[in-house]
Chemist: 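Okay, here's the structure, questions in a sec.
Computed over heavy atoms, backbone and side chain alike; hydrogens, waters and symmetry mates excluded. Chain A is the first sequence line, chain B the second, and so forth, proteins listed ahead of strands; every chain is numbered from 1.
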Amino acid sequence: MTKKKMFTSLFRLNDIERSNFFCLGREKIRGKIKGKWGNDVSIGCKCTIFAMFQRIINRRVNKTKTKVVSLHVSPPKPTFFLSCRNFTTQSSSALDTATAAADIANLVLESDPKSLRGSLHGLQVQFTPELVDKVLKRLWFHGPKALQFFKHLEYHPSYAHSSSSFDHVIDIAGRMRDYKTVWALVARMRSRRIGPSSKTFAIIAERFVGAGKPDRAIKVFLSMREHGCRQDLHSFNTILDILCKSKRVEMAYNNLFKVLRGKFKADVVSYNIIANGWCLIKRTPKALEVLKEMVERGLTPTITTYNIVLKGYFRAGQIKEAWEFFLQMKEREVEIDVVTYTTMVHGFGVVGEIKRARKVFDEMVGEGVRPSTATYNAMIQVLCKKDSVENGVLLFEEMIKKGHVPNLTTYNVVIRGLCHAGNMEKAMEFMERMKTDGCEPNVQSYNVAIRYFCDAGDIEKGLNMFEKMGQGSCLPNLDTYNVLISAMFVRKKSEDLVVAGKLLLEMIDRGFLPRKFTFNRVLNGLLLTGNQGFANEILRLQSKCGRLPRKFKL
DNA sequence: GACACTCCAT
């Protein structure tokens with residue numbers, strides 16, 4: 001039987017065109033294929049089926065102008081969904097890309113590494129940089145799979161990677177501390193004349209800093225020109241910022257800023273970055289010193305400069321100084337902006353000064369400054385934490401009434417507040433509400449729900465949430481696994497510990513490295529409940545993991 | 001992807 005013949009026959013079996021949503025159980029497919037062709041068709045390989053349907057549909061599409069939107073292989077139920085929609089316009093291409101990215105990401109997650117290349121090349125999908133980037137984003141928390149996907153596509157006959165895809169995958173490799181791959185990718189970018197750009201170096205530098213190697217980050221910056229990339233004030237400020245944000249101001253200031261500020265003609269932004277760095281480690285006096293130096297050099301502070309200092313006072317717990325500084329800003333007729341007000345609201349709120357926070361919040365409107373979503377988020381959060389969730393929710397409804405658009409943070413803040421107050425039901429309502437509001441819950445949203453369900457002893461619901469995120473567009477992160485694994489010890493049930501073991505295996509498979517503590521805990525648990533075999537399996541894996549990097553930053 | 005405001009709990 002030739003492949004071509006097989007496809008056309010299968011094609012005849014299913015009248016895809018007639019319905020907009022078409023679904024077949026695995027058994028049905030197996031039955032039909034077996035019935036028709038005997039045993040010579042392997043249904044075991046999902047990718048084969050996947051590719052087959054894709055071809056069939058594409059062929060059909062050309063004749064009938066029906067566009068295929070997606071083809072899902074959805075675990076854990078072994079069901080294949082083929083969904084088709086009729087399009088009259090071309091305007092839905094963004095939606096197409098999103099769905100296609102989801103499908104391809106699922107295909108990559110499900111495929112055996114060996115057969116992945118074949119299935120990717122078999123897909124009759126026109127790969128574009130946007131699509132590839134979206135797939136990589138979806139595979140963000142599954143580093144090894146993301147790298148595989150990228151690698152296999154490099155040999156694709158009709159697609160070449162873009163610089164942004166390279167940047168993404170360099171970031172992922174950096175996170176996994178696979179520096180050999182990082183530099184190999186940089187070299188490939190260069191040979192293809194699509195980079196590396198200053199953004200690429202920023203990514204690499206940040207990963208080195210995240211891995212506790214700030215000196216190597218600096219080296220990366222200094223070596224930019226060797227790799228054929230120009231250095232300028234922008235890239236100088238970027239590396240300063242990366243170091244400062246990771247609390248390495250001292251190093252940024254002494255080893256880089258002082259040495260090279262002349263060469264790059266350091267500007268207000270450079271000084272702001274350094275000042276902010278000192279503020280981040282609560283050394284506000286140092287920040288003021290740097291800013292004084294800046295003024296002496298003839299540079300004029302901007303509103304950002306003031307906002308940095310203001311936040312610095314709050315961060316250092318100097319509430320009185322913050323208030324006085326705020327008054328001074330007014331006196332000096334600095335144009336106070338929404339960031340200033342947001343900083344004030346949040347600063348007062350976190351120390352429990354709800355009334356003063358509210359006063360500032362009300363005052364800004366009078367001053368003609370419209371609160372931003374961030375301002376509402378700050379106010380709602382402090383109400384939830386220091387006042388009551390009810391008032392937080394009230395303000396949430398009020399902001400919507402006034403035409404402000406809540407974002408992910410808004411929802412997460414409210415959901416966390418509700419969970420904390422023990423109102424899981426309402427929290428779940430908000431979870432649904434955000435979805436209908438076009439605001440897909442992210443890892444944090446799920447993690448909060450999972451954590452509080454488990455804390456309340458509702459392990460089943462926690463696991464349920466975990467499964468839900470798997471079905472959605474959201475992959476679990478290190479936190480998710482840690483929370484869930486800990487929860488598996490609460491009931492002291494043997495089955496729970498097996499689940500803990502499985503979760504441990506899954507997280508390793510996804511490129512996360514469990515802490516030693518987690519390993520030992522799971523191992524002890526399994527041994528105590530008589531799961532010797534499973535424990536041994538994990539033990540073997542642990543010795544393998546010893547050679548892997550310590551901790552991944554996500 | 002040059003700076004400032006909003007998302008945990010260990």
Chemist: Taking atom CG of A:L240 and atom CZ of A:F264, what is their separation to the nearest 0.5 Å?
Modeler: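 Atom-to-atom, A:L240:CG and A:F264:CZ are 9.5 Å apart.
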Chemist: Write down the distance between CG (A:L383) and C1' (B:dT6), rounded to a whole number of angstrom.
Modeler: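 Between C1' of B:dT6 and CG of A:L383: 13 Å.
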Chemist: Return no unless some side-chain N or O of A:H346 is found under 4.0 Å from OP1 or OP2 of B:dC5.
Modeler: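 It does not, given that no N or O in the side chain of A:H346 lies less than 4.0 Å from OP1 or OP2 of B:dC5.
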Chemist: Honestly, is A:R510 close enough over A:F141, meaning NZ or CZ under 6.0 Å from the six-membered ring centre and within 45° of the axis?
Modeler: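 So A:R510 doesn't make the cation-pi contact.
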Chemist: Picking from A:T300, A:N276, A:N272, what satisfies side-chain hydrogen bond (donor to acceptor under 3.5 Å, both in side chains) with A:T305?
Modeler: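 With A:T305 as partner, side-chain hydrogen bond (donor to acceptor under 3.5 Å, both in side chains) holds for just one option, A:N272.
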Chemist: Nearest to the A:Q444 side chain among B:dC7, B:dA2, B:dT6, which nucleotide is it?
Modeler: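 The listed nucleotide nearest to A:Q444's side chain is B:dC7.
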Chemist: Whole angstroms only, please: what is the CG-C1' distance between A:N237 and B:dG1?
Modeler: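 Rounded to whole Å, this separation is 12 Å.
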Chemist: Output the single nucleotide from B:dA2, B:dC8, B:dT6 whose closest atom is nearest the side chain of A:N377.
Modeler: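 Comparing B:dA2, B:dC8, B:dT6 against the side chain of A:N377, the answer is B:dT6.
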Chemist: If you check the A:R451 side chain, which of B:dC7, B:dA2, B:dC8 turns out closest?
Modeler: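 It is B:dC8.
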Chemist: Under 4.0 angstrom, heavy atoms only, what part of the nucleic acid is A:D337 near: base, sugar-phosphate, or nothing?
Modeler: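 Here A:D337 touches the bases of the nucleic acid.
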Chemist: From the set B:dG1, B:dA2, B:dA9, return the single nucleotide nearest to any side-chain atom of A:A202.
Modeler: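 In terms of side-chain proximity for A:A202, the closest of B:dG1, B:dA2, B:dA9 is B:dG1.
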Chemist: Heavy atoms only, 4.0 Å cut-off, all strands: where does A:L408 land among base, sugar-phosphate and nothing?
Modeler: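 Contact class for A:L408: none.
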Chemist: Would you tell me if any nitrogen or oxygen in the side chain of A:K245 comes within less than 4.0 Å of OP1 or OP2 on B:dA4?
Modeler: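 Affirmative; the distance criterion is met.
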Chemist: Have a look at A:V269 and say if it touches a base, only the backbone sugar-phosphate, or nothing, with a 4.0 Å heavy-atom cut-off.
Modeler: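 It contacts base atoms.
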Chemist: For B:dC3, does either OP1 or OP2 sit under 4.0 Å from a side-chain N or O belonging to A:K311?
Modeler: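 Checking A:K311 against B:dC3: no side-chain N or O falls below 4.0 Å of OP1 or OP2.
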Chemist: So, is A:Y452 close to the B:dA9 phosphate, meaning a side-chain N or O under 4.0 Å from OP1 or OP2?
Modeler: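 Yes, such a contact exists.
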Chemist: CG of A:N477 versus P of B:dC8: gap in Å, rounded?
Modeler: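 So the two atoms are 14 Å apart, to the nearest Å.
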Chemist: If you take the centroid of each ring, where Trp contributes its six-membered ring, are A:F314 and A:H346 closer together than 6.0 Å?
Modeler: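 A:H346 vs A:F314: aromatic centres not under 6.0 Å.
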Chemist: Among B:dC5, B:dA4, B:dC7, which nucleotide has an atom closest to any side-chain atom of A:Q381?
Modeler: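 Minimum distance to the A:Q381 side chain belongs to B:dC7.
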Chemist: Cation-pi between A:R216 and A:F221: NZ/CZ under 6.0 Å from ring centre and within 45° of the ring axis?
Modeler: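 Here A:R216 fails the 6.0 Å and 45° test against A:F221.
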Chemist: Out of B:dG1, B:dA4, B:dA2, which has the shortest distance to the side chain of A:I308?
Modeler: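 From the listed options, B:dA4 comes nearest.
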Chemist: Rounded to whole Å, how long is the line connecting atom CZ of A:F361 with atom C1' of B:dC5?
Modeler: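 For the pair A:F361 CZ and B:dC5 C1', the rounded distance is 13 Å.
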Chemist: Whole angstroms only, please: what is the CG-C1' distance between A:L291 and B:dC3?
Modeler: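 So the CG-C1' distance, A:L291 to B:dC3, works out to 11 Å.
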Chemist: Report the distance from atom CG of A:N307 to atom C1' of B:dC3, rounded to the nearest whole Å.
Modeler: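 Between C1' of B:dC3 and CG of A:N307: 11 Å.
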Chemist: In whole angstroms, how far is the C1' atom of B:dA9 from the CZ atom of A:R416?
Modeler: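 About 9 Å, once rounded to whole Å.
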Chemist: Counting heavy atoms from C-beta on, name the nucleotide in B:dA4, B:dA2, B:dC7 closest to the side chain of A:D267.
Modeler: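 Among the listed nucleotides, the one closest to the side chain of A:D267 is B:dA2.
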Chemist: Using atom CG of A:L484 as one end and atom C1' of B:dT10 as the other, report the distance to the nearest whole Å.
Modeler: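 For the pair A:L484 CG and B:dT10 C1', the rounded distance is 16 Å.
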Chemist: Taking the six-membered ring where the residue is Trp, are the ring centres of A:Y376 and A:F396 under 6.0 Å apart?
Modeler: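 No, they do not, as the ring centres are separated by 6.0 Å or more.
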Chemist: What's the closest nucleotide to the A:E206 side chain, out of B:dG1, B:dC8, B:dT6?
Modeler: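 Selected nucleotide: B:dG1.
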